[in-house]
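Everything numeric here is computed off the predicted structure, so don't read it as measured data. Chain A is the first sequence line, chain B the second, and so forth, proteins listed ahead of strands; every chain is numbered from 1.
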Amino acid sequence: MLLLLLGIIFLHLAALVLLFVSTIVSVWTTGESTTSDLWTNCTTATTCIPASTGEWIQSVQAVMILSIIFSCLSLFLFFCQLFTLQKGGRFFLTGTFQILASLFVMSGAIIYTVMSKDWVPEGNSFGYSYILAWVAFPLALISGLIYVILRKRE
Amino acid sequence: MLTFLALTSVALLGIVPEQSQAIVIYTGWERHALVGSDIRLSCSFFSWRWTSEDVTFSWTYRPDGSRDAISIFHYTGGAAYLDNKGPFRDRLEFVGNPGRRDGSILLKNLELSDNGTFTCDAKNPPDIVGRPSSVRLLVFEKVPIQAGVITGAIIGVVLGLLLLIVVIYYLMRFLVARRVFSLSVSKHGKKKKEGSQQRQIKV
């Protein structure tokens with residue numbers, strides 16, 4: 001029982017850490033000597049300048065921040081429900097928030113994939129923050145589904 | 001003694017206004033506009049003297065990145081002379097009122113190449129000592145959105161919706177609990193009345 005609990009919490013925390021790294025580190029696109037998005041565009045030679053202020057980048061920023069907020073809320077609610085739920089009850093609220101967080105990451109990654117051609121020059125490839133976002137999406141989704149299926153035992 | 005005081009006061013009156021008798025020119029600091037629109041660049045001045053008939057206004061334009069300024073407008077002797085050879089040919093109009101110390105010009109049909117600094121220099125003889133004032137013009141293709149506006153808006157809307165759902169959920173629970181409570185109270189009341197009626201009949 002305890003092992004299951006630890007496993008679930010570890011999965012949730014892994015997804016949360018991936019979300020944090022993907023949002024905060026600004027390496028969604030890499031070029032030969034540049035990294036850019038979501039927050040700053042940097043070249044290895046000079047200092048960093050703020051990223052472009054188009055509507056689509058701002059929406060990706062918003063959606064990634066929302067996914068972090070929802071995932072943190074879901075973790076908090078899990079601990080609340082752990083102590084207040086009746087025996088045999090399901091962690092619906094926790095699972096809902098975690099699934100919403102995964103949906104937000106998915107929509108953020110999709111928006112970035114489709115619209116980044118507008119502001120990213122040719123020859124640049126996707127960076128590791130972008131890949132982490134795509135990895136965080138199924139992790140968060142599975143974690144949320146486990147919460148919905150899980151029943152509280154004594 | 002009295003003559004001494006009179007002489008010093010006259011001298012002071014003579015000196016102090018001389019120092020503050022520079023002409024002060026006011027224009028905006030920075031102006032933003034869209035491509036294709038019109039913009040009015042205002043220029044006015046403050047001077048201790050009355051507005052003279054020989055008041056002059058002149059505007060010069062220095063494009064972004066260039067070191068030379070060209071003259072595009074000059075008002076003197078009661079007549080306005082507009083640019084008829086340079087980049088603002090047929091796009092300039094004088095909309096000022098020199099009698100009211102207003103030397104504003106209207107730029108029509110702005111282009112991206114109009115980005116630059118416009119300097120207004122006004123002279124109100126004999127008040128000619130002053131510093132010209134500059135206004136910077138920025139022309140945009142479309143209105144640029146500030147960083148973080150849409151981000152904040154999306155986050156605010158979603159969190160607001162979440163809060164609204166939580167509030168509505170607790171409100172519904174509270175209302176349903178109140179209805180259940182009032183229903184149970186009325187049932188209790190009816191049962192008590194029936195009980196007392198039966199006792200009366202028995203007796």
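The number of heavy atoms from other shown groups lying within 6.0 Å of CZ (A/Phe76) does not exceed 12. The 12-atom threshold is not exceeded at CG of A/Leu3, counting heavy atoms of other residues, nucleotides or ligands nearer than 6.0 Å. Within a 6.0 Å radius of CD in B/Glu53, no more than 12 heavy atoms belonging to other residues, nucleotides or ligands are found. A 6.0 Å sphere centred on CH2 of A/Trp39 holds more than 12 heavy atoms belonging to other residues, nucleotides or ligands.
If you measure heavy-atom distances from A/Leu73 to chain B, the contacts under 4.5 Å come from the side chain alone.
When side chains are defined from C-beta on, A/Leu66 counts as touching B/Leu159, because their heavy atoms get closer than 4.5 Å. Side-chain contact check for B/Val158 versus A/Ile69: every heavy-atom pair is 4.5 Å or farther apart.
Looking at every heavy atom in both residues, A/Gln58 comes nearest to B/Thr151 through O-OG1, 3.2 Å. Considering all non-hydrogen atoms of both residues, A/Ala62 and B/Ile154 come closest at CB-CB, 3.6 Å.
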